[in-house]
Amino acid sequence: MLNRLEALKGLKEEMDGIEGTEEELYTISDHLLALENIIMDAKKPSVSFSMVTAEDLKKVGVTRKRLSFEPAKVTELTEDLTTNAEAEIVDLHSRINKIYAHVNMGHSRMILNEILLALAEISSTQERGVVIFPEMEVTQGEVSDPVSGYEMWHVDYVTVVIEYEDVWDYKKRLLAPGGSKDAFKISKGRLLIVEAKCQSMEQTFVSFIPEAVSQAIALLKSANLQELRFCLSDGQTWTFFILKLENEKLTYYESVPVELDRYMLEDSDLPLRKIVQLLCEWLRPTKTGLFIFD
């Protein structure tokens, strides 16, 4: 809007003092045409990430399909942990139980943060590392409704987990102020979006899915990727997604929610193993046959 006001101000300054000669009238006509373009641009509607609905996604041709996990393969994941992962999950299990014991769980962001830190520790090796950007800026996407002309999304912030090869000064660059500017180039597509939300009486967990999908689309385009994996979570409920760009069409595949039940966690760390290992797979896929597309 400020840019448009500046453009209008510039036009006013140029038109001040113009008189009615034929040549000057042509100049006025050109200025009026420019003014019309500014006004039309200003009137062009736009929708922020949080305002995007399932209907908006349909309007721009985004298709929703199902992703189903194979139970036997998920069990293999929970049983096939490295020594480092075993120790990290034991520690994580203890920390999360302490959160449940002492923290009002109206918002589960503390649990989500602990899980992402564990993911970074488990996924980091001597050859590669992981950096978390809690609020990476996602720029406006170039997705618009071909009928209404709506620009579908504006700047927003999202948690992004980046994997990088442990060479040169990558870690220092990523952890330094402004490190997100180099993230896409350094990660070479090895990244995971985690959209953190809090359920309320007004908004259910499912209602946040269109926002998460729209952010994933913007990031996929910004990073020039053909596929992007992302999650939606409030810390206790986790839904896993895969966004694909095929033949210039966008499709996102959505899993059923995976629950991190506090009462089950009191007796077993199995639900935690499942979530953490699925996140590891979403960041660096290694398991074949883990899921099917419906």
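Small disclaimer: the values here were computed from a predicted structure and weren't measured. Numbering starts at 1 and runs along the sequence shown.
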Exercise for the section: Before giving the answer on side-chain contact (heavy atoms from CB on, under 4.5 Å), spell out for I162 and I132 the whole-Å C-alpha distance, their side-chain angles and the decisive distance to 0.1 Å. Expected result: CA-CA 6 Å; I162 298 287; I132 301 169; over 6 Å; no
Handout entry: Residue pair E254, T239: steps toward the side-chain contact (heavy atoms from CB on, under 4.5 Å) verdict
Key = CA-CA 7 Å; E254 173 189 340; T239 300; 3.9 Å; yes
Exercise for the section: Output, in order, the C-alpha distance, side-chain angles, deciding distance and verdict of side-chain hydrogen bond (donor to acceptor under 3.5 Å, both in side chains) for E246 and T251. Expected result: CA-CA 8 Å; E246 298 174 311; T251 303; 5.2 Å; no
Exercise for the section: Decide side-chain contact (heavy atoms from CB on, under 4.5 Å) for L250 and K244; before the verdict, give the C-alpha distance in whole Å, the side-chain angles of both, and the deciding distance to 0.1 Å. Expected result: CA-CA 6 Å; L250 287 163; K244 286 179 173 285; over 6 Å; no
Exercise for the section: Could you check I122 against V130 for side-chain contact (heavy atoms from CB on, under 4.5 Å), going step by step and ending with a plain yes or no? Expected result: CA-CA 9 Å; I122 292 170; V130 173; over 6 Å; no
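Contact of the I99 side chain with the E114 side chain is registered, since non-hydrogen atoms from C-beta on lie closer than 4.5 Å. Looking at heavy atoms from C-beta onward, T237 lies out of side-chain contact with V258 at the 4.5 angstrom threshold. Within the 4.5 Å cutoff, no side-chain heavy atoms of L219 are placed close to those of L225. With contacts defined as side-chain heavy-atom distances shorter than 4.5 Å, the pair V52/E211 does not qualify. A heavy-atom distance below 4.5 Å is not found between the side chains of V161 and W282. Inter-residue side-chain proximity for H93 and L265 is flagged as met; some heavy-atom pair is nearer than 4.5 Å. With a 4.5 Å cut-off on side-chain heavy atoms, S68 and F291 do not count as touching. Counting only heavy atoms from C-beta outward, the side chains of L112 and W238 approach each other to under 4.5 Å.
Taking both residues in full, the closest heavy atoms of P210 and L57 are given as CA-CD1, 3.8 Å, listed atom of the first, atom of the second, then distance. Taking all atoms of both residues into account, the shortest heavy-atom contact from I115 to L92 is N-CD1, 4.1 Å. Of all the heavy atoms in L243 and L220, the pair that sits closest is CD2-CD1, 3.8 Å. Across all non-hydrogen atoms, the minimal contact from L77 to L81 is O-CD1, 3.2 Å. Annotation for P285 and R229: closest pair CG-CZ, 3.6 Å, computed over non-hydrogen atoms. Pairing each heavy atom of G235 with each of L260, the nearest pair is O-CD2, 3.7 Å.
To the nearest 0.5 Å, the span separating OG on S123 from CD on E88 amounts to 10.5 Å. The distance from the CZ atom of F293 to the OH atom of Y253 is 5.5 Å, given to the nearest 0.5 Å. A distance of 10.5 Å separates NE2 in H102 from CE in M110, rounded to the nearest 0.5 Å. Taking CG of L278 as the start and CG of L290 as the end, the distance is 6.0 Å to the nearest 0.5 Å. Expressed to the nearest 0.5 Å, how far CG of D269 lies from CG of D91 amounts to 12.0 Å. Note that CG of L270 is 12.0 Å distant from CG of D261, once rounded to the nearest 0.5 Å.
For residues 175-187, no pair satisfies side-chain hydrogen bond (donor to acceptor under 3.5 Å, both in side chains), with sequence neighbours left out.
Using a 4.0 Å cut-off between charged side-chain N and carboxylate O, E163 and R284 make a salt bridge. Salt-bridge formation is detected for the pair E86/R273: a Lys NZ or Arg NE/NH1/NH2 atom is positioned less than 4.0 Å from an Asp or Glu carboxylate oxygen.
Proximity of a side-chain donor or acceptor of D234 to a complementary backbone N or O of Q236 within less than 3.5 Å is detected.
K287 is linked by a side chain to side chain donor-acceptor pair (under 3.5 Å) to E76, counting only residues two or more places apart in sequence or in another chain.
Judged purely by distance below 3.5 Å, without hydrogens or angles, the side chains of T53 and D56 pair a donor atom with an acceptor atom. When only modelled atom types and interatomic distance are considered, T125 and E127 share a side-chain donor-acceptor pair under 3.5 Å. In this model, a donor atom of one side chain and an acceptor atom of the other lie less than 3.5 Å apart for R109 and T159. Side-chain atoms of T78 and Q277 form no donor-acceptor pair, as typed in the model, at a separation below 3.5 Å.
In the hydrophobic cluster analysis, where Ile, Leu, Val, Met, Phe, Trp and Tyr join through side-chain heavy atoms closer than 4.5 angstrom, V62 is grouped together with V206. Cluster annotation: M264 is not connected to V256 through the hydrophobic network of ILVMFWY side chains, with a link wherever side-chain heavy atoms come within less than 4.5 Å. Note on V103: it clusters hydrophobically with I111, by side-chain heavy-atom contacts below 4.5 Å among ILVMFWY residues. A single hydrophobic cluster is not seen to contain both F240 and I292; linkage of ILVMFWY side chains at heavy-atom distances under 4.5 Å, directly or through other members, places them apart. Hydrophobic cluster membership is shared by L175 and Y164, with clusters built from Ile, Leu, Val, Met, Phe, Trp and Tyr side chains linked at under 4.5 angstrom.
The aromatic rings of F230 and F241 lie parallel to each other, with less than 30° between the two planes, well short of the 60° mark.
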